[in-house]
> 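Structure in structure tokens, see below.
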Amino acid sequence: MAHPNRRDLGLLVLRVGTGAVLAAHGTQKLFGWFGGGGIEGTAQGMEAMGFHPPRESALAAGLGEAGGGVLLALGLATPAAGAAAAGAMAGAVSVHAPAGFFAQGGGYEYPAFLGFTAAAIGVTGAGRYSLDHATGHVLDRPWVVAAAFLGSAVAAAAVVGRRAQARAEKAAEADPHTEAEAETGAEGAEEPETH
């Protein structure tokens, strides 16, 4: 009888733990479980945070977390699961980034940790004790890793960039003097002083 492989056991523990946390967060968003807001509450929150369209953003975040988490825990389509969860966490990092790094001050420490962990599992693979292994790694090929992480990175960059642009436009509308002062300052900086 073969002895259990410690690396594969470690991956199993890491996958199940990380996947369960992500799935719980996602089900808060999708179904309102564990005290969450469900789709409607999450959509309102997404709109307040500057994500548009809010309902689709809520669905994407919930599915990335819940779906990615369940797939990570099962070890099925692990590269896609890790990439989806990491992409969802990139959006969360963008929300928390203005508060700094540490979670105690509202910072991005926690979503960054979850995102990096999910990405690492997606790149490493699920290990022997997984559905990927049981299915002959059909959904865990090198091209799947590349496609999943490239797609997730492009999508996350687009969503985070669109949010940043919308927030900048909203800030400019709220205080039009700031934009005018910035333009005046830029014009003044372009003109050399003469004495």
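Count residues from 1 along the sequence. Just so you know, these numbers come straight off a predicted model, no measurement behind them. The basis for the numbers below is simple: all heavy atoms, side chains too, and nothing from hydrogens, waters or symmetry mates.
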> Quick check: closest heavy atoms across A119 and A86, and the distance to 0.1 Å?
CB-CB, 4.1 Å
> Quick one: closest heavy-atom pair of A92 and P111, and the distance?
CB-CB, 3.7 Å
> Between A81 and G68, which heavy-atom pair has the shortest distance, and what is it?
CB-O, 3.6 Å
> Who clusters with L30? Use side-chain heavy atoms, under 4.5 angstrom, across I, L, V, M, F, W and Y, and order the result by chain and number.
F31, W33, F34, I39, L59, L63
> When clusters are formed from ILVMFWY side-chain contacts under 4.5 Å, directly or step by step, what else is grouped with V159?
M46, M49, F51, V95
> For V145, which fellow cluster members are found when Ile, Leu, Val, Met, Phe, Trp and Tyr are connected by side-chain heavy-atom distances below 4.5 angstrom, either directly or through intermediates?
V123, F149
> Closest approach of G127 and D8, non-hydrogen atoms and distance?
CA-OD1, 3.3 Å
> Going by the rule salt bridge (charged side-chain N to carboxylate O under 4.0 Å, His left out), which residues pair with R167 if we only count those two or more places apart in sequence or in a different chain?
none
> Between CG of L76 and OG1 of T135, what distance do you get to the nearest 0.5 Å?
6.5 Å
> Keeping to residues at least two apart or across chains, list the side chain to side chain donor-acceptor pair (under 3.5 Å) pairs with something in residues 79-91.
none
> If you look only at pairs with a residue in residues 102-118, which of them pass as a salt bridge (Lys or Arg N to Asp or Glu O under 4.0 Å), with sequence neighbours excluded?
none
> Could you tell me whether a side-chain N or O of T27 sits under 3.5 Å from a main-chain N or O of A24, the two making a donor and an acceptor?
yes
> Heavy atoms only: give me the nearest P54-A43 pair and the separation to one decimal.
CB-O, 3.2 Å
> Which side chain to side chain donor-acceptor pair (under 3.5 Å) pairs, counting each pair once, include a residue from residues 57-84, with sequence neighbours left out?
K29-E65, T78-D132
> Locate the shortest heavy-atom distance separating G50 from A166; write the atom from each residue and the value.
O-CB, 4.2 Å
> Heavy atoms, side chains only, cut-off 4.5 Å: are Y110 and V21 in contact?
yes
> Enumerate the salt bridge (Lys or Arg N to Asp or Glu O under 4.0 Å) contacts for residues 138-166, please, sequence neighbours excluded, ordered by first and then second residue.
none
> Show, in sequence, the C-alpha distance, side-chain angles and deciding distance for T117 and M89, and conclude whether the side-chain contact (heavy atoms from CB on, under 4.5 Å) test is met.
CA-CA 10 Å; T117 303; M89 290 299 102; over 6 Å; no
> Can you list, by chain and residue number, the hydrophobic cluster partners of V154 when the side-chain cut-off is 4.5 Å?
L150
> Is there a path of hydrophobic side-chain contacts, each under 4.5 Å between heavy atoms, that joins I121 and L74?
no
> Counting only pairs under 3.5 Å, give me each side-chain donor-acceptor contact of residues 10-19, with atom names and distances, residues two or more places apart or in other chains.
from, atom 1, to, atom 2, distance (Å)
R15, NE, L72, O, 2.8
R15, NH1, A126, O, 2.9
R15, NH1, Y129, O, 3.1
R15, NH2, A73, O, 3.1
R15, NH2, Y129, O, 3.2
T18, OG1, L14, O, 2.9

> Quick check for you: to the nearest 0.5 Å, what is the distance between L71 atom CG and L22 atom CG?
11.0 Å
> Please, which pairs that meet ring pair (Phe, Tyr, Trp, His ring centres under 6.0 Å) have at least one residue in residues 86-107, sequence neighbours excluded?
F101-Y108
> Filter on side chain to side chain donor-acceptor pair (under 3.5 Å), then keep only pairs touching residues 37-51, sequence neighbours left out; what's left?
E40-R55
